[in-house]
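First the proteins, then the strands, lettered A, B, ... as listed; each starts at 1.
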Number of protein chains: 2
Amino acid sequence: MTEDYRIDNLDKTILTALQADARTPYAELAKRNGVSPGTVHVRIEKMKQAGIITSAQVMVDPKKLGYQVCCFIGINLKTAGDYPDVLKQLQALPEVVEAYYTTGHYSIFTKILTRNIDALHHLLVHQIQSIEQIQSTETLLSLQQPIHRQINP
Amino acid sequence: MTEDYRIDNLDKTILTALQADARTPYAELAKRNGVSPGTVHVRIEKMKQAGIITSAQVMVDPKKLGYQVCCFIGINLKTAGDYPDVLKQLQALPEVVEAYYTTGHYSIFTKILTRNIDALHHLLVHQIQSIEQIQSTETLLSLQQPIHRQINP
DNA sequence: GATGAAAAAATTTGCGG
DNA sequence: CCGCAAATTTTTTCATC
């Protein structure tokens, strides 16, 4: 989290493996790379310190939790300066899983998960479009997500 | 990965903790919930079996790896039927970290990470717009991502 | 910096309630 | 289905190269 650090090849292979499976044993990573588990440990700690590794998260399948609908909502504000205030209100909606401040068509671009279409409708009308600083919204419904991966170190 | 499973309150608190930190010790989760580490283990295995937990991933900060630019590219196809073929070509581009098949403005909606604006320009012109089944694209540049979280179980 | 073995910690298993 | 505790595996440390 502190200093910069330029990763080498060993770091890269370790990182790639951990991006796929955060619980790959250090001994396994060590063997694959012809180094000792101690070295693997040191490298991982350095990448954490450098802020390259931000966290280890268990990933869930939203559908299996009952969140069947995925969509993007592009938002346009009445006034650009209202951005921080609107953001705060979006933050309070747990269905808003991502938000981006963007140039182009929209001021704010969000990714949304809801249990079903009714819930999306309700969220859109009663929680989002009712935010007074919002001028207009546009919804893109996702039918499928064929690509879902992390960047290659 | 096999059968359905309706999660209860204990599963929920375990899952929420692991979404934030996949390496929270089972003993810690057990203490927080007043159960034994063995029980925590059983619950986690069940959620894995049910496909609720899909993986544990180390998350990286793309900027720290030199990927300074994040954007979305909406793609329109000449013919809707070209979708599988175009997808295959997008899959081959590691900068395309997410792709969605969407209704609305675009046929395919992608999230892209590149090292800098020049790299984005190159990717757009020489790798994406040069795919012959693509009719048009629209780029939304992300300046900031103020919300980034997982769905609440 | 890296090693490798020893120490500490966490996970997994299986018996019994 | 849960808890306990033993057995196993993994992580972490540290003296040494």
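- Across C:dG1, D:dG3, C:dT3, the shortest atom-to-atom separation from the side chain of A:S36 is found for C:dT3.
- Side-chain polar atoms of A:T39 and A:S36 form a donor-acceptor pair below 3.5 angstrom.
- Legend: ring-ring contact (aromatic ring centres under 6.0 Å, His included) pairs involving residues 73-96 of chain A, not counting sequence neighbours, sorted by first then second residue: A:Y83-A:Y101.
- If you look at A:Y106 and A:F72, their ring centroids are not closer than 6.0 Å.
- Remark: B:T39 is in phosphate contact with D:dG3, judged by side-chain N or O atoms under 4.0 Å from OP1 or OP2.
- For the pair A:R43 CZ and C:dT3 C1', the interatomic distance rounds to 13 Å; values are reported in whole Å.
- The stretch residues 12-32 of chain B touches DNA chain C through B:P25, B:Y26, each having a heavy atom under 4.0 angstrom from the strand.
- Summarising the geometry, the separation between CG on A:L10 and C1' on C:dA2 is reported as 11 Å, rounded to the nearest angstrom.
- Comparing D:dT12, C:dT3, D:dG3 against the side chain of A:H41 picks out D:dT12 as the nearest.
- The number of heavy-atom neighbours closer than 6.0 Å to NZ of B:K78, taken from other residues, nucleotides and ligands shown, is above 12.
- If you take CG of B:N33 and P of D:dC2, they are 12 Å apart, rounded to a whole angstrom.
- You'll find that the side chain of A:V35 is closest to C:dT3, out of C:dG1, C:dT3, D:dG3.
- The CG atom of B:D11 sits 11.5 Å away from atom CZ of B:R6, with the distance rounded to the nearest 0.5 Å.
- Counting non-hydrogen atoms of other residues, nucleotides and ligands closer than 6.0 Å to CD of B:Q145 gives a total above 12.
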